[in-house]
Amino acid sequence: MKYDIDAVRSHFPALEAGGAHFEGPAGTQTPRQVIDAVTEVLANPLSNRGAATAGERNADRTVIEARRAMADLLGADPAGVVFGRSATQLTYDFARTLAKTWAPGDEVVVTRLDHDANIRPWVQAARAVGATVRWADFDPATGELSPADIAAVLSERTRLVAVTGASNLIGTRPDLPALARLAHARGALFHVDGVHHAAHSFVDVEALGADFYVCSPYKFLGPHLGVLAASPALLESLAPDKLAPSTDVVPERFELGTLPYEFLAGVRAAVDFLADLADGGPSAGSVPGTGGRRERLERSFAALEEHEEGLRLRMEEGLAGLAPVTLHSRAADRTPTLLLTLEGRDTQDAYRFLAERGVTAPSGSFYALEASRRLGLGDTGGLRAGLAPYTDARDVDRLLEGLADFLRRPAI
């Protein structure tokens, strides 16, 4: 496997501005191939889906290709891929739909490790029908969410367990297959928020045991929208609120209104881009690497994880020499996403200091309110530095040098 970081970086116009980007967990920069795919759809005839006109055929082909691409990325069935405005919107939609099958006394499990988008929709849906919410805790000292933490809040009345695939705040990757087995043993559905997970892991929804898996392409080089993957049979069993004349076919019955065709073209292009990373990065005018797209994606994510792991270790070693830095990302299995605080210093000040030097590493709790509070950081959180496929060692060194310069300055 080869990971040619310079070749990868050459495809990102935003990098020409000279910045070092560590805000990937909030959204990545976009490669030229994705930008071109969006433009191409808008520059050609386009209409609602159909088969009679060029515009209808272009729209239909775009949707079909995007479903196939996401199915390859997630190891899912294209007929079970649902598109929406965002992962948050899709989670709210499915929470309301599933809640129709709940009754008072039924239980829903959420965790304190999760982004609020995988907490509040379930809490509010449960409240609306009189169901009970059970909270699974995590260990703030290690950042770990263990199977025992989930098992402790399960019962015969558990209807759904909602868990993050990877914490967007501290990177923790729970043992999803083990958690899925616990949920399924109780007859509960298992919903995974894969928004941060899919950006750093080779995903196989069936192997993970996920009944529902939600992600956001803009976290892995694509446009701003959300995707949910489930088995078509499970989707067939659900009755969402929808317009009377809209189709009842799965997965379209869950997609409200006209899809953003141009963004779907960008999704397909983003998946294709990711599939070529292990072959040294996509080259203009070249044919794709050897093997099918799913096979190429597996190779690419193996190469990407090796690349990001090396940079994460470089970053952690550098931070260890900077006092007084506390690193809150400690789980044994975690993404290259570091949350840190600086004793006696405001991380918002550090964020602004770094920004003036062209380094983007934002500060906050990033909607992971429960996790931030459990870590003792309140709603303030800390400075988050997350890696992306285009991050290189020079970026990491700029971040470390910038933090060192900030800490040398007298506190105001």
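Checked for salt-bridge contact, Asp93 and Lys242 miss the test: no charged N lies under 4.0 Å from a carboxylate O. Ion pairing between Arg334 and Glu316 holds under the 4.0 Å rule for side-chain N and carboxylate O. Salt-bridge check for Glu156 with Arg186: passed, with a basic side-chain N closer than 4.0 Å to an acidic carboxylate O. The pair Arg157-Glu107 fails the salt-bridge criterion, with no side-chain N (NZ, NE, NH1 or NH2) lying under 4.0 Å from an Asp/Glu carboxylate O. The existence of a salt bridge linking Arg67 and Glu252 is confirmed by a sub-4.0 Å separation between a basic side-chain nitrogen and an acidic carboxylate oxygen. Under a 4.0 Å N-O distance rule, the pair Glu295/Arg299 qualifies as a salt bridge. Between Arg352 and Asp349 there is a salt bridge, since a side-chain N of the basic residue sits under 4.0 Å from a carboxylate O of the acidic one. With respect to Arg294 and Asp72, no salt bridge is recorded, no charged nitrogen being found less than 4.0 Å from a carboxylate O. A salt bridge between Glu309 and Arg312 is present, with a side-chain N of the basic residue lying under 4.0 Å from a carboxylate O of the acidic one.
Across all their heavy atoms, Ala66 and Leu264 have their closest contact at CB-O, 3.5 Å. Nearest approach of Ala162 to Asn118, heavy atoms of both residues: C-ND2, 3.6 Å. Nearest heavy atom pair, residue Val205 against residue Gly75, reads CG2-O, 3.6 Å. Smallest separation of non-hydrogen atoms from Ala180 and Gly209: CB-O, 3.6 Å. Heavy-atom minimum distance, Thr347 versus Leu340: CG2-O, 3.8 Å. Closest non-hydrogen pair, Phe190 versus Leu179, comes out as CZ-CB, 3.8 Å.
A 4.5 Å side-chain heavy-atom check between Val396 and Leu399 finds every atom pair outside the cut-off. Two residues are said to be in side-chain contact when any heavy atoms from C-beta on lie closer than 4.5 Å; Leu327 and Leu339 fail this criterion.
Once rounded to the nearest 0.5 Å, the distance linking OG1 of Thr391 with NE2 of His21 reads 9.5 Å. Expressed to the nearest 0.5 Å, how far OG1 of Thr97 lies from CZ of Phe254 amounts to 6.5 Å. Going from atom CG of Asn44 over to atom CD of Glu262 covers 13.0 Å, rounded to the nearest 0.5 Å. The line from CG of Asp392 to CZ of Arg398 is 9.5 Å long, rounded to the nearest 0.5 Å. Note that CE of Met315 is 7.5 Å distant from CG of Leu311, once rounded to the nearest 0.5 Å. Atom-to-atom distance recorded for Thr337:OG1 and Leu169:CG is 9.5 Å, nearest 0.5 angstrom.
Remark: the His200 side chain and the Glu308 side chain contain an N/O donor-acceptor pair separated by less than 3.5 Å. In this structure, a donor-acceptor pair under 3.5 Å is absent between the side chains of Asp36 and Thr39.
Counting only distance, with no hydrogens or angles, the side chain of Glu370 and the backbone of Thr111 share no donor-acceptor pair below 3.5 Å. In this structure a side-chain-to-backbone donor-acceptor pair under 3.5 Å is missing from Ser372 to Ala368. Remark: the backbone N or O of Asp116 is not paired with any side-chain donor or acceptor of Asp114 at under 3.5 angstrom. Ser47 places no side-chain N or O within 3.5 Å of a backbone atom of Gly55 that could act as its donor or acceptor partner. Side-chain N or O atoms of Asp211 include none that pairs as donor or acceptor with a backbone N or O of Leu189 at under 3.5 Å. Remark: side-chain polar atoms of Thr62 are not paired, donor with acceptor, to backbone N or O of Tyr261 under 3.5 angstrom.
Trp122 and His191 have perpendicular rings, their planes meeting at more than 60° on a 0 to 90° scale where under 30° would count as parallel.
Counting only residues at least two apart or in different chains, side-chain hydrogen bond (donor to acceptor under 3.5 Å, both in side chains) contacts with residues 376-386 comprise Arg373-Asp379. Listed by first and then second residue, the side-chain hydrogen bond (donor to acceptor under 3.5 Å, both in side chains) pairs involving residues 163-176 are Arg173-Ser201, Arg173-Asp333 (not counting sequence neighbours).
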- Step by step, work out the salt bridge (charged side-chain N to carboxylate O under 4.0 Å, His left out) result for Asp272 and Arg296. CA-CA 9 Å; Asp272 284 339; Arg296 287 156 45 219; 5.1 Å; no
- List the steps, then state whether ring pair (Phe, Tyr, Trp, His ring centres under 6.0 Å) holds for Phe263 with Phe83. CA-CA 10 Å; Phe263 283 0; Phe83 292 109; over 10 Å; no
- Please assess Asp149 against Arg374 for the test salt bridge (charged side-chain N to carboxylate O under 4.0 Å, His left out), listing each intermediate value before the final yes or no. CA-CA 14 Å; Asp149 296 323; Arg374 188 69 181 92; over 6 Å; no
- Task: Might you work through the side-chain contact (heavy atoms from CB on, under 4.5 Å) test for Val161 and Leu154, ending with a clear yes or no?
- Result: CA-CA 9 Å; Val161 177; Leu154 296 178; 3.7 Å; yes
- Any chance you could lay out the side-chain contact (heavy atoms from CB on, under 4.5 Å) test for Leu354 and Arg357, step after step, and finish with the verdict? CA-CA 5 Å; Leu354 291 170; Arg357 286 152 181 77; 5.6 Å; no
- Step by step, work out the side-chain contact (heavy atoms from CB on, under 4.5 Å) result for Leu342 and Leu383. CA-CA 9 Å; Leu342 314 169; Leu383 192 78; 5.5 Å; no
- Message: With side-chain contact (heavy atoms from CB on, under 4.5 Å) as the criterion, how do Trp135 and Val133 come out once you've worked through the C-alpha distance, each side chain's angles and the decisive distance to 0.1 Å?
- Response: CA-CA 7 Å; Trp135 289 84; Val133 175; 3.7 Å; yes
Could you go through residues 215-232 and list every donor-acceptor pair under 3.5 Å that involves a side-chain atom there, pairing it with any protein atom two or more places apart or in another chain?
| residue | atom | partner | partner atom | Å |
| --- | --- | --- | --- | --- |
| Lys219 | NZ | Pro25 | O | 3.0 |
| Ser231 | OG | Leu234 | N | 3.1 |

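Counting non-hydrogen atoms of neighbouring residues, nucleotides and ligands closer than 6.0 angstrom, the OH atom of Tyr351 reaches no more than 12 such neighbours. Heavy-atom contacts from other residues, nucleotides or ligands closer than 6.0 Å to CZ of Arg134 number more than 12. Heavy atoms from other residues, nucleotides or ligands lying under 6.0 Å from CD of Glu23 number more than 12. Atom OH of Tyr390 has more than 12 neighbouring heavy atoms from other residues, nucleotides or ligands inside a 6.0 Å radius. Counting non-hydrogen atoms of neighbouring residues, nucleotides and ligands closer than 6.0 angstrom, the CD atom of Glu206 reaches no more than 12 such neighbours. The 12-atom threshold is exceeded at CZ of Arg57, counting heavy atoms of other residues, nucleotides or ligands nearer than 6.0 Å.
Listed by chain and residue number, nothing satisfies the ring-ring contact (aromatic ring centres under 6.0 Å, His included) test with Phe301 (two or more places apart in sequence, or in another chain). With sequence neighbours left out, the side-chain hydrogen bond (donor to acceptor under 3.5 Å, both in side chains) criterion links His328 to Thr341. For Asp397, the side-chain hydrogen bond (donor to acceptor under 3.5 Å, both in side chains) partners at least two apart in sequence or on another chain are Arg314.
Checking each of Arg253, Lys100, Arg96 against Asp241 for a salt bridge (charged side-chain N to carboxylate O under 4.0 Å, His left out) leaves exactly one that passes, namely Lys100.
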